[in-house]
K.L.:
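Got a structure for you, questions after.
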Amino acid sequence: MLANSIVVLDFETTGLSPDQGDRAIEIGAVKLENGIVTDRFQALMNPGRRINSFIENYTGISNTMLATALPCAEVMTDFADFIGESNLLAHNASFDSRFLTAEFSNLGRQVLGEFTCSLLVSRRIYQDAPNHKLGTLINYKNIAADGSFHRALFDAEMTAELWLIMLKDISERYGLENIPFSLIKRLTRTPKAQIAKLLTNYAAKVL
DNA sequence: TGCCAGGCCCTCTTTAGGGCCTT
């Protein structure tokens, strides 16, 4: 697995907290290499119990659909092989990171790559956006969205497209040709008021 | 019994509270 690839992922789940017993019910992901989608992963998974009507309505995933899905363990084993050592990206990564860690923990596997978060980046570079929900940002950046939000693969695809546009916008705004993953990690840890200074100084060193 | 997420981020802040995001 190439260390410089990034896997953009999204979980649909039974609820908000694996610590409260919630489980994954769908994983969707796209692999980006040099700004191009080179692979995709999508699977429903059976969490071993019924999901409530809020989740059915929110995701469009029904108990009937999950009844014939493979168990979480089988799906997540395949997904662990899919992501390998790739770095990882999600919109509000703290949420997906918790579920990925919890599901991997059940398998005795570990998350090997580093996570970063498109929500934290968008709050820093799109301060004029109405809000920073994924759907709002897709509309804000005029990204064509032909599919259903709150399904894992579609949300992962949309997050990947948003990600590439954010990188392009940062590049153009600060005159950078390449934006390494390490710079994005620094950006997400930097207060909004210091973002311009961080990127301007970085550009001055590179050029 | 009663309660039940958690991390980020702002502000009327740090001896705290509440909105935003994810399902």
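Chain identifiers are assigned alphabetically (A, B, ...) following the order of the sequence lines, protein sequences preceding nucleic acid strands; residue numbering begins at 1 within each chain.
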K.L.:
What integer distance in Å separates Gln20(A):CD from dC3(B):C1'?
P.N.:
10 Å

K.L.:
Tell me what Thr14(A) touches on the nucleic acid: a base, only sugar-phosphate, or nothing, going by heavy atoms under 4.0 Å.
P.N.:
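Nothing: the residue Thr14(A), judged by heavy atoms under 4.0 Å, touches no strand.
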
K.L.:
Could you work out the separation of dG19(B) and dT15(B) based on their C1' atoms and round it to a whole Å?
P.N.:
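Rounded to whole Å, the distance is 22 Å.
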
K.L.:
Give me the atom names and distance for the closest heavy-atom approach of Pro47(A) to Cys72(A).
P.N.:
CA-SG, 3.9 Å

K.L.:
Can you tell me how far C1' in dT14(B) sits from the matching atom in dC10(B), rounded to whole Å?
P.N.:
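About 13 Å, rounded to a whole number of Å.
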
K.L.:
Please tell me which of Arg189(A) and Thr13(A) maps to the more 5' nucleotide of DNA chain B, matching each residue to the nucleotide holding its nearest heavy atom.
P.N.:
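Comparing both residues, the 5'-ward one is Arg189(A).
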
K.L.:
Any side-chain heavy-atom pair from Ser122(A) and His91(A) closer than 4.5 angstrom?
P.N.:
yes

K.L.:
Return the 5'-most residue of the pair Thr59(A), Arg124(A) with respect to DNA chain B, ranking by each residue's nearest nucleotide.
P.N.:
Arg124(A)

K.L.:
Report yes if a side-chain nitrogen or oxygen of Lys192(A) is closer than 4.0 Å to either non-bridging phosphate oxygen (OP1 or OP2) of dC8(B); otherwise report no.
P.N.:
no

K.L.:
Applying salt bridge (Lys or Arg N to Asp or Glu O under 4.0 Å), name anything that partners Arg98(A), two or more places apart in sequence or on another chain.
P.N.:
none

K.L.:
Quote, to the nearest angstrom, the P distance that separates dG17(B) from dC4(B).
P.N.:
15 Å

K.L.:
Applying ring pair (Phe, Tyr, Trp, His ring centres under 6.0 Å) as the test, list every pair that has at least one member in residues 28-55 of chain A; sequence neighbours left out.
P.N.:
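For residues 28-55 of chain A, and leaving out neighbouring residues, the ring pair (Phe, Tyr, Trp, His ring centres under 6.0 Å) pairs sorted by first residue read Phe41(A)-Phe79(A), Phe41(A)-Phe82(A), Phe54(A)-Tyr58(A).
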
K.L.:
Using the P atom on both, measure dC12(B) against dC8(B) and round to a whole Å.
P.N.:
22 Å

K.L.:
Could you name each residue pair satisfying ring pair (Phe, Tyr, Trp, His ring centres under 6.0 Å) that touches residues 110-143 of chain A, not counting sequence neighbours?
P.N.:
Tyr126(A)-Tyr140(A)

K.L.:
Using atom CD1 of Ile195(A) as one end and atom P of dC10(B) as the other, report the distance to the nearest whole Å.
P.N.:
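Spelled out: CD1 on Ile195(A) to P on dC10(B) is 10 Å.
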
K.L.:
Enumerate the residue pairs fulfilling side-chain hydrogen bond (donor to acceptor under 3.5 Å, both in side chains) with a member in residues 39-55 of chain A, sequence neighbours excluded, ordered by first and then second residue.
P.N.:
Glu26(A)-Gln42(A), Arg40(A)-Glu157(A)

K.L.:
Roughly, in whole Å, what's the span from CZ in Phe154(A) to P in dT23(B)?
P.N.:
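Atom CZ in Phe154(A) sits about 13 Å away from atom P in dT23(B).
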
K.L.:
dT23(B) P sits how many Å from Asp19(A) CG, rounded?
P.N.:
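Checked: the CG to P distance equals 18 Å.
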
K.L.:
Taking atom C1' in both dT23(B) and dG6(B), what distance in whole Å separates the two?
P.N.:
13 Å

K.L.:
Does any residue of residues 62-72 of chain A have a heavy atom under 4.0 Å from DNA chain B, and if so, which ones, in number order?
P.N.:
none

K.L.:
In the 5'-to-3' direction, what one-character label does each nucleotide of nucleotides 17-22 of chain B receive under the scheme B = base within less than 4.0 Å of a protein heavy atom, S = sugar-phosphate only, - = no such atom?
P.N.:
---BBB

K.L.:
Which heavy atom of Asn178(A) sits nearest to which heavy atom of Tyr202(A), and what is that distance?
P.N.:
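It is O-CE2, 4.5 Å.
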
K.L.:
For the pair made of CG in Leu120(A) and C1' in dC10(B), what is the distance, rounded to whole Å?
P.N.:
14 Å

K.L.:
Determine which pairs satisfy salt bridge (Lys or Arg N to Asp or Glu O under 4.0 Å) with at least one residue from residues 118-127 of chain A, sequence neighbours left out, and list them in order.
P.N.:
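Qualifying pairs, neighbours excluded: none.
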
K.L.:
Using the P atom as the reference point in each nucleotide, state the distance between dC3(B) and dG7(B) in Å, no decimals.
P.N.:
23 Å

K.L.:
Base, sugar-phosphate, or nothing for Arg23(A), non-hydrogen atoms under 4.0 angstrom?
P.N.:
nothing

K.L.:
Under the salt bridge (Lys or Arg N to Asp or Glu O under 4.0 Å) rule, what pairs show up with a residue in residues 186-198 of chain A, not counting sequence neighbours?
P.N.:
none

K.L.:
Taking transitive links into account, so neighbours of neighbours count too, which hydrophobic residues share a cluster with Leu119(A) at under 4.5 Å side-chain distance?
P.N.:
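Via sub-4.5 Å side-chain contacts, Leu119(A) links to none.
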
